[in-house]
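To start, the structure under review is shown below, and the notes come after it.
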Amino acid sequence: MSQPNRLKTGGRVDRSRQLTFTFNGQRYQGHPGDTLASALLANGVDIVNRSFKYSRPRGIVAAGAEEPNGIVQLGSTEAGQVPNVRATQQALYQDLSARSTNGWPNVQRDLMGLVGKLGGQFMPPGFYYKTFMAPASMWLTYEKYIRKAAGLGRSPTENDPDIYDHRHQHCDVLVVGAGPAGLSAALAAGRAGARVILVDEQEEMGGSLLSSRESIDDAPATTWVEKVLKELSELEHVTLMPRTTANGYHDHNFVTLHERCTEHLADLAPRAGGRRQVRSRMHRVRAGQVVLASGAHERPLVYAGNDVPGNMLAGAVSTYIRRYGVAPGNRLVLSTSNDDGYRSALDWAEAGREVVAIADARQNPDGELVEQARAKGIQIIAGSAVIEARGDKRVAAAKVAKIDIEGFKVTGPVEELACDTIASSGGFSPVVHLASHTGSRPTWNEELLGFMPSPVKGMTPTGGAHGVYALGQVIADGFKAGSAAGEACGFERQDASLPKVDERREGAAVALYQVPHQKATLRGPKQFVDMQNDVTAAAIELATREGFESIEHVKRYTAMGFGTDQGKLGNINGMAIAARCLGRTIPEVGTTVFRPNYTPVSFGAIVGRHCGELFDPERYTAMHQWHVENGAEFEDVGQWKRPWYFPRTVNGKTETMHEAVARECSAVREKVGILDASTLGKIDIQGPDAREFLGRVYTNKWAKLAPGRVRYGLMCKDDGMVFDDGTTSCLAENHFLMTTSTGGAATVLEWLEIWHQTEWPELDVYFNSVTDHWATMTVTGPEARKLMAELTDIDLDKDSFKFMDWREGKVAGVPARVFRISFTGELAYEINVQANYAMHVWKKLFAHGDKYGLTPYGTETMHVLRAEKGFIIAGQDTDGSVTPEDLGMHWAIGYDKPNSWIGKRALTRPDTKRTDRKQMVGLKPKDPSVVLEEGAQIVFDPNHAIPMPMKGHVTSSYYSPTLQSGFALAVVMGGHQKMGETVYLPMVDGQVHEAEIVSPIFLDPKGERQNV
Amino acid sequence: MQRYSGFGLVKHALSHHENWERQWRNPTPKKSYDVIIVGGGGHGLATAYYLAKEFGVTNVAVIEKGWLGGGNTARNTTIVRSNYLWDESAALYEHAMKLWEGLSQDINYNVMFSQRGVLNVGHTLQDMRDIQRRVNANRLNGIDGEVLDAKGVQALVPIMDCSKNARYPVMGASWQPRAGVARHDAVAWGYARAADALGVDLLQNTEVTGFKIRDGQIYGVHTNRGDIEAKTVGCVTAGNSGVMAKMAGIKLPLESHPLQALVSEPIKPILDTVVMSNHVHGYISQSDKGDLVIGAGIDGYNGYGQRGSYPTVEHTLQAIVEMFPIFSRVRMNRQWGGIVDTCPDACPILSKTKVKGLYFNCGWGTGGFKATPGSGHVFAASLAKGEMHPIAAPFSIDRFNTGALIDEHGAAGVAH
């Protein structure tokens, strides 16, 4: 029969429509409005999973976020797989396909279950710390099998085709939870005019009212829900967000909301209007006030066999009957410590099913619900509890006995009642998780038998989350909280016009967590506390016996609360059991710390659009398209794509990098080359104190740099180590243009700002990144002047436009700044034009450059050319441990500058004054065909045993077509005094290269070529 | 001490596990000890253990304000490796590595040290230069390691996106096969149990509120349970070292930052090695329980709140999904934060102080866990002998005066 447990009437599912879904390959039917869990229960599916450690059969226990067992693998395609979906929170959709995450060969007959049954007693908590130690070499093998047994669902193996979104929002009042308290709070704040966001994690708003027995204004509670939602939806400044979980509560009322946009529709987000919709969206909300109306979780009782399918939370039983029209069994025994649990028995009876008995732990239960149960003729056994559930794959009977809670013992004979369902209620725990995220520790309330949220600035707990449970009071409390929150945001207080709710007389609850058994906890059958992690009461007792007394130790030793439900179901019981074992009170034991997320969120949702091409958007120069069209290979430098080299294809044969670089190098040395240097950082520095500021951040002097002149500058960190370099030009008296390395552009600007803002705020100076504003092209080589002369009105005479001058004029008809600086050692002009004119200028240069042999070159050639000149690249030849003196740049250190500068003090420390520091030198391999490995370590004695004393390393190394030899830059201990000496480089393949220490300037030591 | 073994487990199962002994006592503080260790985390407990075992100093108290192993030992991502660039660091971390190998047997507690290898992935030419330099240095220092190309990385981690389509395509990696992960809590508990068995008093819920110093010599501490005397005090209080030092009138060059980590829900085994990337900026491994354990860099601001900010979580997961696009639909279960004391040169401080008899072991930044046994061992040697152990000596506070820094930023950067 289809859906044997579906009731004929009742519930909020749409019976007019059928949805077909599969579970473990079997086809079933459900209805819109079902969760996967309610549909499984309707179809009489008892076993939804196998447990983690003992492989015990497990069924649905709860109806919400606290469900520990109903963890399934979702998805009918590989790309659409979602691991670990909680069946109680997943809306049913057509063709939904789910599987159990554990169980082999299947969840009904599971071979690992035998291991669990037979071996369970050999697996107490922490057993793995006590064994698998011999022989030591076997651990990885043991671990392989341990790993295989672990894990729940599986990751997809294909990439996610779905997209995710982020949104930033502000509001006056954020109301978390749309049950009676939240609805009423939103109403109060909304009526006052506050911008309200009301979120609820469920498919439908209404919370507990969706399955409530109670009336509001003499009508079903759901009628009131509809009325309130209608009013809220008509308020323009109120945003209703169902299917949205407040997941993390951060400092200053910053709350992350996870909105599931299409997860209730299909595995993969459907398309609408031809466009792929968003699967889920994270909202980053900054709220003026937070009203925490997150309700309360019911606590199950901990008794033997409480994990056998058919054991459920009392409240969940009611929810399945009243909200989903599903009675998850036929014969019910209820075990309760309070009046509230009685609802499930009443609902069960009204659904036409048999209530076998109610075991009430209280001696004299006498509340109104108790009376109602009595009136229905239900047997109530006072002072008793279900001490053990019998059954294997489904509850077969409940063992009920009188118990002495204080004395923690069974006092009467055990009666075995045949049944297929056991509902239990041990009272309620306010959902304090979000409040705890902020760092506030919840406080125990002995009267309410639960932890309450502690104060958080700007947050008001209300309703169940506040320990208020009676419906009339919940609505009133919510209204008050909403009104107060609105008032705190500057809106008027709202007078409550509360609906009529009948007050109900309720008997006091008793504190019952673990139910005593005839046998001692360590000897009796398993009583589960955290079902997902198979943590039993015995495990907690054993942990405390072994000296694990802090609740954090208990948690970590037993794994209690480590599951995907993060202890929502079992933690308070676990703490109570630990307290009993340690002879302490629950507040003395305290809670562990709840952390975000409240419920799990896919990585994709948190990542949002910041993946793929938007992970770290690529930056292109104005000439990028030209480079692409001319066959450039690219290198990632910082965020930029820079041409690495431009291989040519001749007669169908494409040059290797080595060939291309050799050709590009020769072109620059012999004719003229052009480099796109736009990516170098450019910082515009202005202000009366700009010059003074430069003097403080650079090691060298800036006092006398005249407008029109350019100077190389070296920057150190406060430890005296070189951090970046570049040229800075004086544009006008109080106006400079600083250049930085490509990768260092942002960090240098930050560096300047940090020093200006925190150390020297009195200096009147401003910084502005202009990297993107200007495109830079370096025209360099002996023919550079001739080419420039064809395109510019600037006087290029070598005496009027000297090396390290800059001039303003037009190049190819475009206003330009031209700098005579050189990173190649050749005559060079760096043309800067507004970026959007750059392509025109670039192409003009080529139009005129052909006859001079103008050749584009990339970063690799640039590296070779500069290395031949001994010019460093910060970050390649330096690594945060190199001083200017180590680089041989004594000339760039202004020890006698009138003001101090960053790094000066550090450069006078004993260690920075050592003469045997690692110093920058050139290396000439003895075999000119050898190109030393960059990163090769240098030793003086190649025959030394390992560990070998390392004396330096190769920082840059290339083959030079000009020198017809390999050559390298390196740092060597005391290198400046070791010119001509031989060093050794032992390589991984056993070869030992020999090289001679030489000057790092391999070409044109006097700089005549760049000075022409 | 009750010895742990598979046989013992069976024996205890037959007696319903009723006869397991406490793993450590809960002693009453004595009036005085030979040595006091302030801080009952992994490093402090290891120090106490080696003091007792290797140096015969058993009259030792470990004073912990909360629960043993409750600071960064409980919060880290458990990665152990020794492939450091500089000789000083390499010596320290390799010393630790050698102690990790065999630690479970030494302390008779399975710390699940799992040598599943660590990849430090390179994405730029400069990354590869740095990797080559580091691996060459490791090799000449006797530390295992090799340079892999992108194909080699793909072979080890088939699920990683090593294609050219990635924003920063994988160019290669350094690979240290002996590196791996360990069960962090077990390290603290194992050392605690072994130290306790040798007579060390582990004083939990005992907070040091001040130092007793006379004429520049320490002679004890004030605690919330009364004064306790000792002429040698080692302070091992990561995340709080600056505060402790201040009590002794010492200023340390430390900044305390939140460092976050996060885990996914448990999933079936899919990632066997540890993968770290400085450039894309995230690291990941899979625990024996099935969680993907993920971390990245510190939060930018200073603070003592063990939480951290959401944007760091976002950035971290962006990096992970960039490297492992198939994880987009895997779900994040929990995030948390610890407080790390960072030094300007990203290296720890193991040092005497201007107060005679008062030593500090701190400043491990984001990477202290992997050093636990080595740190404990050389610190114990230093406390026992009154002279810093040769491996510890370069990590003296003095280096910030002399300038003899050991800058591991270049090689270690963020990723630990």
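Letters go in sequence order (proteins before strands), and every chain restarts at 1. What's counted below: heavy atoms across the whole structure, side chains too, no hydrogens, waters or symmetry copies. Computed from a predicted model, the values in this text were never measured in an experiment.
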Tell me yes or no: between the side chains of Tyr557(A) and Gln23(B), is some donor less than 3.5 Å from an acceptor? yes
Would you kindly say whether Arg183(B) and Tyr128(A) are connected by a side-chain donor-acceptor distance under 3.5 Å?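 Arg183(B) vs Tyr128(A): no donor-acceptor pair found between side chains.
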Could you look at Ile406(B) and say if it's the side chain, the backbone, both or neither that has a heavy atom under 4.5 Å from chain A?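 For Ile406(B), no heavy atom lies under 4.5 Å from chain A.
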Out of [options], which one racks up the most heavy-atom pairs below 4.5 Å with chain A?
| options | result |
| --- | --- |
| Asn401(B), Val135(B), Asp161(B), Ile159(B) | Asn401(B) |
| Thr402(B), Asp291(B), Asn165(B) | Thr402(B) |
| Ala166(B), Gly102(B), Gly70(B), Ser287(B) | Ser287(B) |

Do NZ/NE/NH1/NH2 and the carboxylate oxygens of Arg329(B) and Asp162(A) come within less than 4.0 Å?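 Looking at Arg329(B) and Asp162(A), the cut-off is met.
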Tell me whether Glu549(A) is salt-bridged to Arg22(B), with the criterion being a basic N under 4.0 Å from an acidic carboxylate O. yes
Report yes if some heavy atom in the side chain of Arg556(A) is under 4.5 Å from a heavy atom in the side chain of His184(B); otherwise report no.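 Yes - at least one pair of side-chain heavy atoms lies under 4.5 Å apart.
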If only atom types and distance count, is the side chain of [X] paired as donor or acceptor with the main-chain N or O of [Y] below 3.5 Å?
| X | Y | value |
| --- | --- | --- |
| Arg331(B) | Val82(A) | no |
| Gln105(B) | Pro135(A) | no |
| Arg284(A) | Pro311(B) | no |
| Arg129(B) | Thr955(A) | no |
| Gln876(A) | Gln126(B) | no |

Parallel, tilted or perpendicular: which one describes the rings of His553(A) and Trp67(B), with boundaries at 30° and 60°?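 Because their plane-to-plane angle is over 60°, the rings of His553(A) and Trp67(B) count as perpendicular.
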Please flag which part of [X] lies under 4.5 Å from any non-hydrogen atom of chain B: side chain, backbone, both or neither.
| X | value |
| --- | --- |
| Ala79(A) | backbone |
| Phe594(A) | neither |
| Ala906(A) | neither |

Taking only distance into account, with no hydrogens and no angle test, what donor-acceptor pairs under 3.5 Å do side-chain atoms of residues 610-618 of chain A form with protein atoms, sequence neighbours excluded?
{"from": "Asp616(A)", "atom 1": "OD1", "to": "Gln639(A)", "atom 2": "NE2", "distance (Å)": "2.8"}
{"from": "Asp616(A)", "atom 1": "OD2", "to": "Tyr168(B)", "atom 2": "OH", "distance (Å)": "2.7"}
{"from": "Glu618(A)", "atom 1": "OE1", "to": "Tyr620(A)", "atom 2": "OH", "distance (Å)": "2.6"}

Quiz: residues 596-608 of chain A side-chain donor-acceptor pairs under 3.5 angstrom, not counting sequence neighbours:
{"from": "Asn597(A)", "atom 1": "ND2", "to": "Met332(B)", "atom 2": "O", "distance (Å)": "3.1"}
{"from": "Tyr598(A)", "atom 1": "OH", "to": "His297(A)", "atom 2": "NE2", "distance (Å)": "3.4"}
{"from": "Ser602(A)", "atom 1": "OG", "to": "Ala605(A)", "atom 2": "N", "distance (Å)": "3.2"}

Would you please indicate yes or no on a ring centroid separation below 6.0 angstrom for Trp24(B) and Phe548(A)?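 Yes, they do, as the ring centres are separated by less than 6.0 Å.
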